[in-house]
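On a predicted model such as this, the values are computed, not experimentally measured, just so you know. Letters A, B, ... are given to chains in the order of the sequence lines, protein chains preceding strands, and every chain is numbered from 1.
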Amino acid sequence: MPYWLMKSEPDELSISALARLGDARWDGVRNYQARNFLRAMQPGDLFLFYHSSCPRPGVASIGKILRASYPDPTALQADSHYFDSKALTHGNPWSAVDVGHVETFERVIELPRLKAAPALAGLPLVQRGSRLSVMPVTPAQWEAILALR
DNA sequence: GCCAACGTTGGC
DNA sequence: GCCAACGTTGGC
């Protein structure tokens, strides 16, 4: 079963909001590489939920993929922040998945600790200049991150 | 708010 | 196909 890591700004979808809601649609991804990873996800896959663009960026929970990818409806909604006019005229290229909450960590595993872990050097999250918002995590990386809890 | 790095767009 | 300009991401 593949593992993943997904970034969200807490203002968009936060870990606590997902825990409260129980499930949510992960939409608004507008990068082809990230979209391709969404399309590779299967129900039951686990992911690390990372908070970005906030005072203490880091990983703070585990979530689960509940539904495989499907066309992202926000691309077609003119009033959505994620509206893509070309999706209307040329077909909708964007994908979303449904996710659930599994476990919230007692403490956020903050970015500097992730960067300091040798086992995570290959993770795009910690690589200079990487902005990928959805990425695969190897079993070894997964264990290394959970060991930092 | 700053800025480095990246992806996309569009002129040529 | 090149590449400059632009918009976005995201840490700090």
Using atom [atom1] of [X] as one end and atom [atom2] of [N] as the other, report the distance to the nearest whole Å.
X: A:N31; N: B:dT9; atom1: CG; atom2: P; answer: 12 Å
X: A:E9; N: C:dC12; atom1: CD; atom2: C1'; answer: 15 Å
X: A:H90; N: B:dT9; atom1: NE2; atom2: P; answer: 11 Å
X: A:W94; N: B:dG7; atom1: CH2; atom2: P; answer: 13 Å
X: A:L5; N: C:dG10; atom1: CG; atom2: P; answer: 11 Å
X: A:Q33; N: B:dC6; atom1: CD; atom2: C1'; answer: 11 Å
X: A:L132; N: B:dT8; atom1: CG; atom2: C1'; answer: 16 Å
X: A:L114; N: C:dG11; atom1: CG; atom2: P; answer: 11 Å

- prompt: Quick one: does A:Q42's side chain have a donor or acceptor within less than 3.5 Å of a partner on A:A68's backbone?
  reply: no

message: Test your reading of the model: is there a side-chain donor-acceptor pair from A:S130 to the backbone of A:L125, 3.5 Å cut-off?
response: no

task: Counting heavy atoms from C-beta on, name the nucleotide in C:dG11, B:dT8, B:dT9 closest to the side chain of A:Y50.
output: C:dG11

- line: A:S53 has its side chain closest, among C:dC12, C:dG10, B:dG7, to C:dG10

task: Name the orientation class of the two ring planes belonging to A:F47 and A:F49 (parallel below 30°, tilted from 30 to 60°, perpendicular beyond 60°).
output: tilted

Is there a side-chain polar atom (N or O) of [X] under 4.0 Å from OP1 or OP2 of [N]?
X: A:K7; N: C:dT9; value: no
X: A:K115; N: C:dC12; value: yes
X: A:K86; N: B:dT9; value: yes

query: Is any side-chain N or O of A:R131 under 3.5 Å from a base N or O of C:dT8, one able to act as donor and the other as acceptor?
result: yes

Residues A:R30, A:D72: salt bridge by 4.0 Å N-O rule: yes

- prompt: Looking at A:Y70, does the NZ or CZ of A:R67 lie under 6.0 angstrom from its six-membered ring centre and within 45 degrees of the ring axis?
  reply: yes

